[in-house]
2 protein chains.
Amino acid sequence: MKGVQTTRKTSGRSRPASQTYDHIIAERKRREQLSQQFVALSAIVPGLKKMDKTSVLGDTIKYLKHLQQREKELEEQATKQTMESVVLVKKSQLLLEDEGESSDQQEGCSNEQPLPEIEAKMCDKHILLRILCEKHRGVLVRILSEMDKLNLDVINTSVAPFGSLTLDITIITEVSSTKAQLT
Amino acid sequence: MKGVQTTRKTSGRSRPASQTYDHIIAERKRREQLSQQFVALSAIVPGLKKMDKTSVLGDTIKYLKHLQQREKELEEQATKQTMESVVLVKKSQLLLEDEGESSDQQEGCSNEQPLPEIEAKMCDKHILLRILCEKHRGVLVRILSEMDKLNLDVINTSVAPFGSLTLDITIITEVSSTKAQLT
DNA sequence: GAGCACACGTGAGAC
DNA sequence: TGTCTCACGTGTGCT
């Protein structure tokens, strides 16, 4: 090889003696670590055509950018999907904000989201309202009066018990005049 | 510097002459490219404490693994969210598979998913079924007969027109005997 | 033989 | 003060 001699140096200049050996070994170790992480990186990054360091780094950068963008897309999409129901839950809390005795949420069914669960759809002038709430006295009147406040003419209502504690309410309304809105 | 001599070499051994110069330059270029991608990578990977190559590669690997796992989580979660409705749509197509005249999907409302739209919930022995479908003759009977085939006792039904072309159906059933299931 | 990619030893700067 | 990290020139193998 070139200069693998243990004790001496060819130039004899510039530095003590055996210390250069430590330098060689340290550098060797550092290089080994680097190469090691290069192979680790190559193993992780998919679709590697060329395996030289430059290509590995380049493809890693490309892949990383791709992943970052995709993460944002998925995250955005995930929040978008829950947006609607979140808004509906907010509206439900507005409607039933001064409910007195509904302290704790009822559980026990195979459902993930807490009651009340409200779903709204619009078609032409019609609004379909599907409500799943705790079985309490007077809820229907409250809801219908709220509909009235919003200038929504009730076309059809259906109330049915679902399980022992829950009430399923379906209401179809129609926008009565031109000044009605869903604030 | 050390050996930047243009035409000669110190050792005088092993290789022609000016060709070594090309070698030096080529190697220089390669190194520059590598370092360039190192800085590019450092710019992309967030939360870099140490900026030396080994640390950059190490943190890149960690960050990459983190991103990959997160991508799977989000993707999985996204499909999970649509899973339920997809299954329900599948079931709906089974129910209405031999429907004759419903060739094209009706549109025109502020809705994203095509009809029929079916939602099912279970609580104790009760099953709540909410269906939004095209307004056709005999759909209710078909659905109720299907309920009967599944040994589901109908407790309550509600059918109401929603818009001009849509029908909102709410059905609450109860598992009749012990041998009933939702295949 | 030209071109490329790599690991090596080595000097120098940084803390 | 050492210790770490880097870029450099160079030899070598592979295509």
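A note on names: the letters A, B, ... follow the listed sequences, proteins ahead of strands, and every chain is numbered from 1. Scope of the values below: all heavy atoms of this structure, side chains included, with no hydrogens, waters or symmetry mates.
Whole-Å rounding puts the Y21(A) OH to dC8(C) P distance at 13 Å. In this structure, CG of D22(A) is placed 8 Å from P of dT3(D), rounded to the nearest angstrom. Going from atom CZ of F38(B) over to atom C1' of dA7(D) covers 13 Å, rounded to whole Å. Here dG9(C) presents its P atom at 16 Å from CG of L34(A), a figure rounded to the nearest Å. Going from atom CD1 of I24(B) over to atom C1' of dG3(C) covers 16 Å, rounded to whole Å. As rounded to whole Å, 18 Å separates atom P of dC4(C) from atom NZ of K53(A). Across the protein-nucleic acid pair, K29(A) atom NZ and dC8(C) atom C1' stand 18 Å apart, rounded to whole Å. When the C1' atom of dA12(C) is taken as reference, atom CD of E27(A) falls 12 Å away, rounded to whole Å.
For R28(A), taking side-chain heavy atoms from C-beta onward, the closest of the listed nucleotides dT12(D), dA12(C), dG9(C) is dG9(C). Comparing atom distances between the Q19(A) side chain and each of dT5(D), dT3(D), dA7(C) picks out dT3(D) as nearest. The side chain of H23(B) has dA5(C) as its nearest neighbour among dC8(C), dA2(C), dA5(C). Between dA7(C), dC6(D), dT10(D), one nucleotide has an atom nearer to the side chain of D52(B) than all others, and that is dC6(D).
A distance of 10.5 Å separates CE in M51(A) from CG in D59(A), rounded to the nearest 0.5 Å. Atom CD of residue Q36(A) and atom CG of residue L57(B) lie 11.5 Å apart, to the nearest 0.5 angstrom.
Between the side chain of S35(B) and the backbone N or O of R31(B), at least one donor-acceptor pair lies under 3.5 Å.
Contact between the side-chain N/O atoms of R30(B) and the OP1/OP2 oxygens of dC6(C) is found at a separation under 4.0 Å. Residue S35(A) has a polar side-chain atom (N or O) positioned under 4.0 Å from OP1 or OP2 of dA7(C). Distances shorter than 4.0 Å separate none of the side-chain N or O atoms of K50(B) from OP1 or OP2 on dC4(D).
Ion pair E27(B)/R30(B) flagged as a salt bridge, since at least one NZ, NE, NH1 or NH2 atom sits closer than 4.0 Å to an Asp/Glu carboxylate oxygen.
Donor-acceptor pairing under 3.5 Å is recorded for the side chains of E73(A) and Q69(A).
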